[in-house]
Number of protein chains: 4
Amino acid sequence: MGQLQDLEYADEPKKRGRHRSLEAKTAILKATLQLLERESLRKVTAEAIARRAGVSKATIYKWWPNKSMVALDAYLAGTTERVAVPDTGSAEEDFTEQLKSLTAFYTSTLGRLFCQFIAEGQSDPAFLASFRERFLYARRDAAKIMWRRGVERGEIRSTIDGDVVLDMIYGPIIFRLLAGHGSLNDSESEAIVEAVFGGLRRSDYQKPAKKKKTGHSAKRPKAHL
Amino acid sequence: MGQLQDLEYADEPKKRGRHRSLEAKTAILKATLQLLERESLRKVTAEAIARRAGVSKATIYKWWPNKSMVALDAYLAGTTERVAVPDTGSAEEDFTEQLKSLTAFYTSTLGRLFCQFIAEGQSDPAFLASFRERFLYARRDAAKIMWRRGVERGEIRSTIDGDVVLDMIYGPIIFRLLAGHGSLNDSESEAIVEAVFGGLRRSDYQKPAKKKKTGHSAKRPKAHL
Amino acid sequence: MGQLQDLEYADEPKKRGRHRSLEAKTAILKATLQLLERESLRKVTAEAIARRAGVSKATIYKWWPNKSMVALDAYLAGTTERVAVPDTGSAEEDFTEQLKSLTAFYTSTLGRLFCQFIAEGQSDPAFLASFRERFLYARRDAAKIMWRRGVERGEIRSTIDGDVVLDMIYGPIIFRLLAGHGSLNDSESEAIVEAVFGGLRRSDYQKPAKKKKTGHSAKRPKAHL
Amino acid sequence: MGQLQDLEYADEPKKRGRHRSLEAKTAILKATLQLLERESLRKVTAEAIARRAGVSKATIYKWWPNKSMVALDAYLAGTTERVAVPDTGSAEEDFTEQLKSLTAFYTSTLGRLFCQFIAEGQSDPAFLASFRERFLYARRDAAKIMWRRGVERGEIRSTIDGDVVLDMIYGPIIFRLLAGHGSLNDSESEAIVEAVFGGLRRSDYQKPAKKKKTGHSAKRPKAHL
DNA sequence: ATCTAAACGAGACGGTACGTCGCGTCTTTCC
DNA sequence: GGAAAGACGCGACGTACCGTCTCGTTTAGAT
């Protein structure tokens, strides 16, 4: 998919009056991205974007509902690179590769935008939905290809839901990315994928005879984390 | 005692002037929590807290650098319950229990504060650090007890780092919580823990003969029984 | 036309963006004046002006450096009447007339603003300068016409500086206005002008040899008035 | 005319080990005066006074209703010199002398406090009253002695009220002091006293036959200054 | 060759929250 | 028991960014 989009019906050829300025649009997205390399989304103001893009603030708000959406567009347009979908023949290796490259990118200046979007989404559900639709699901769909291959090859247990699989692989890294605990390098990525594939359980462990399940849920305390 | 407060050295008994008003402090924290039950952290204003607490805005800013910190204190002070550390005899069950209760809480009104804190932290590194120190690590330390028991009993592979284990278990849920994709109910929690313990890998899978790949998998001891 | 306004070059016809809202400006000045009729300048807040004018506080601060300047503008804009320059044929009568009307006005609610401006000027030299330029000198120029006529007619000694003349006439009243000692009615105005014109000196005074003092002070009570 | 300073316990001989209170009081007044030499009354804060005096803010407010009153006390206590009441044998000379010294003082750093008090009084009637009673009337009483001598000697017309006389002499200078128009040097003082004594009226001027007085008051416009 | 609708730049605007400052009061401990 | 230290409620300050709204200016299809 191209870096830009024309959500607007590209078919309708001629409208009355002056057309939307492509220069303005491009300038806005470019300026936004440049500013976001230096400051967090929160600190980048609509005014700064307008100023740097040589554009009126009204032009921004004419085409985007708020600056988060501008940023999302800028991010999507600017991140031309295709989602890496390695095909090494081994799902585990595929995921390892991808997690490494993903971690490397998310740790970069621009990559941290991912976190900012998640953050912004916490107080703007509409934006979060948009982020999921336009960004997250695209990545997940691509990742699911790797998963599916793994299942088909018989590498991955078919009983586990694909979304669960993806969350198992990406969740830990994203958690670390957001909370800032734990390191984020290649070996961590490897270790995570290895652990996720291998499972925590010791293969030679024998479950002791299970007792009657007691009413844990009844006495369940309000626990956190 | 609670996990929180008295940042101030409680030992030093007497200071010169008028003491910090405990009423004011309590009122602020209480008011903050009440407001946060209804509005997102972003929408709760310092002024609203002051008004509801019957307190001057200056008093708030005297003791806290910003409202996020107030909210963190309010959250920590308000959540007096201990971290649930179930001890069913099985680490897997322990984690399942805990993940269920955690999910239930984080889905609740107040529980969503967790997300807001993470969000706030994305544009305020100092706050994020504080959040980690005062909230996250405490929870993780508690959770590590369950993990350690599992390792000692021989349930959990000892080769996997404890932090990785925790991130594997909690990461997926927290990812879903933040990004809003995927459901968050008890059966999901169960599925995740099951998958994390069991691993993705099909036990009867035999890796095909490898070509020139690096020997990551080579040094991995895989004794499938 | 009024003595004020359109500090901005009224000639230059078209500026690029949205023009300054005349409604806002008028509303601000009007609201300020209305508030000043009830409260002292010190007690009138920028917020109250904004509220009453239906205007944003930022709009006020965009065009005026502080509320004193707003008040000065409001005063000047609201006091559209020309300076009274009576022309009775007699400078003494002219000044008497003017002093009476001036005293009457300065004693009124809005007139007391004069004092507030002077007061404000004591801690804000820039404002005081502005007050002089835009208010005081205009009035004095007008009053000097009366003085000049008096000099030309041969009524007033030409050896006395015009500014001294004005200060002699207005100084006493303004002193009383500000310090609050002494009454401020028509007869006082008359008495002052009479005394200023006639001078303190007894025309038939001959410097005598020094004598003993007599207890005249007994018949004059220490009345501070 | 060293009108000031050495508040320092020049007089405190009593080693009667009385309470700290007198020391505190002295320190407060001294600190206030020192601060007022640098900043306007408006800008000197109660806290700054307390800090500099090594005194608690409460102590200040225990003895004074507000900081203006402290400043007034400080001023009165610091200005130990007696009011200069020259007695040259000529009232005109007396007044000239006094006006010169008064102008010199009021133009000085500390002397400008006079203006600040007047200013403060415009929004605090109680303070203004206090200022009149404790400062102004004392000066005026002293000045009246000079006036009375002039009347008794036959220098000054006895038909003019003493207060009018004082306002005629001091009003112009105080007006200039407050509004900042016009210079304030010795020759101006001389010119003013000369003019006030001599009167504006040209001695050889003959009033033309007066016409019937027309209803000036009826058509009197709202004039200013 | 106009006419006219749309998009644009510039930038003023209402609104809302911010974090700070000074006042004068109140509370606690120390001397 | 009076004073220091200093926290407090109050209320105004001036700033910042939001997203909206005119303006007058361009652009380009429609007439």
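Note that this is a predicted model, so its numbers are computed, not measured.
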Think B:T59 has a side-chain N or O under 4.0 angstrom from the OP1 or OP2 of F:dG9? yes
Please evaluate the base of F:dA5 for a donor-acceptor partner in the side chain of D:S56 within a cut-off of under 3.5 Å? yes
Any side-chain N or O of C:Y61 below 4.0 angstrom from OP1/OP2 of F:dG14? yes
For the pair made of CD in A:E23 and P in E:dA7, what is the distance, rounded to whole Å? 15 Å
Test side chain to side chain donor-acceptor pair (under 3.5 Å) applied to C:S21 - qualifying residues, sequence neighbours left out: C:E23
Separation of atom CD1 in C:I28 from atom C1' in E:dC13, rounded to whole Å: 10 Å
Is the shortest heavy-atom distance from the side chain of B:W63 to the side chain of B:V70 under 4.5 Å? no
Phosphate OP1/OP2 of F:dA7 contacted by B:W63 side-chain N/O (<4.0 Å): no
Sequence neighbours left out, what passes salt bridge (charged side-chain N to carboxylate O under 4.0 Å, His left out) with C:R18? Give chain and number order. none
Would you give the length of the straight line joining atom OG of B:S123 to atom NZ of A:K43, rounded to the nearest 0.5 angstrom? 7.0 Å
Which nucleotide, E:dC13, E:dA17, F:dT27, lies nearest any side-chain atom of C:K57? E:dA17
Enumerate donor-acceptor pairs with a distance under 3.5 Å from any side-chain N or O in residues 28-39 of chain C to protein atoms, sequence neighbours excluded.
| residue | atom | partner | partner atom | Å |
| --- | --- | --- | --- | --- |
| C:T32 | OG1 | C:I28 | O | 2.6 |
| C:Q34 | OE1 | C:R52 | NH1 | 2.3 |

Just the rounded figure in Å: distance from P of F:dG14 to CH2 of C:W64. 15 Å
Please produce a list of atom pairs where a protein N or O lies less than 3.5 Å from an N or O of nucleotides 1-4 of chain E.
| residue | atom | partner | partner atom | Å |
| --- | --- | --- | --- | --- |
| E:dT4 | O4' | A:R16 | NH2 | 3.4 |

I need the full list of salt bridge (charged side-chain N to carboxylate O under 4.0 Å, His left out) pairs touching residues 112-123 of chain C, with sequence neighbours left out, sorted by first then second residue. C:E120-D:R42
Can you figure out which of E:dC23, F:dG6, E:dA10 approaches the side chain of D:K67 most closely? E:dC23
Output all residues satisfying salt bridge (charged side-chain N to carboxylate O under 4.0 Å, His left out) with D:D73, sequence neighbours left out; order by chain, then residue number. D:R134
Tell me the closest heavy-atom pair linking D:A46 and D:Y61, and the distance in Å. CB-OH, 3.4 Å
Separation of F:dA5 atom C1' from B:R20 atom CZ, nearest Å, is 17 Å
Sequence neighbours excluded, the answer for salt bridge (charged side-chain N to carboxylate O under 4.0 Å, His left out) partners of C:K57 is C:E47
Both C:R42 and C:A58 contact DNA chain F. Which one's nearest nucleotide lies toward the 5' end? C:R42
Provide, to the nearest angstrom, the distance between the CG atom belonging to B:L22 and the C1' atom belonging to F:dC8. 14 Å
In whole Å, I'd like the distance from the CZ atom of B:R18 to the P atom of E:dC30. 17 Å
Can you tell me if the side-chain N/O atoms of B:H19 get under 4.0 Å from OP1 or OP2 in F:dG6? no
Quick one: is E:dA7 close enough that its OP1 or OP2 comes under 4.0 Å of any side-chain N or O from A:K62? yes
How long is the line joining CG of A:N66 and C1' of F:dG19, in whole Å? 10 Å
Taking DNA chain F as the partner, which of residues 44-54 of chain C come within under 4.0 angstrom of it by heavy atom? C:T45, C:A46, C:E47
Who passes side chain to side chain donor-acceptor pair (under 3.5 Å) against A:T45, sequence neighbours left out? none
Atom-to-atom span, NZ of C:K43 to P of E:dC23 - whole angstrom: 16 Å
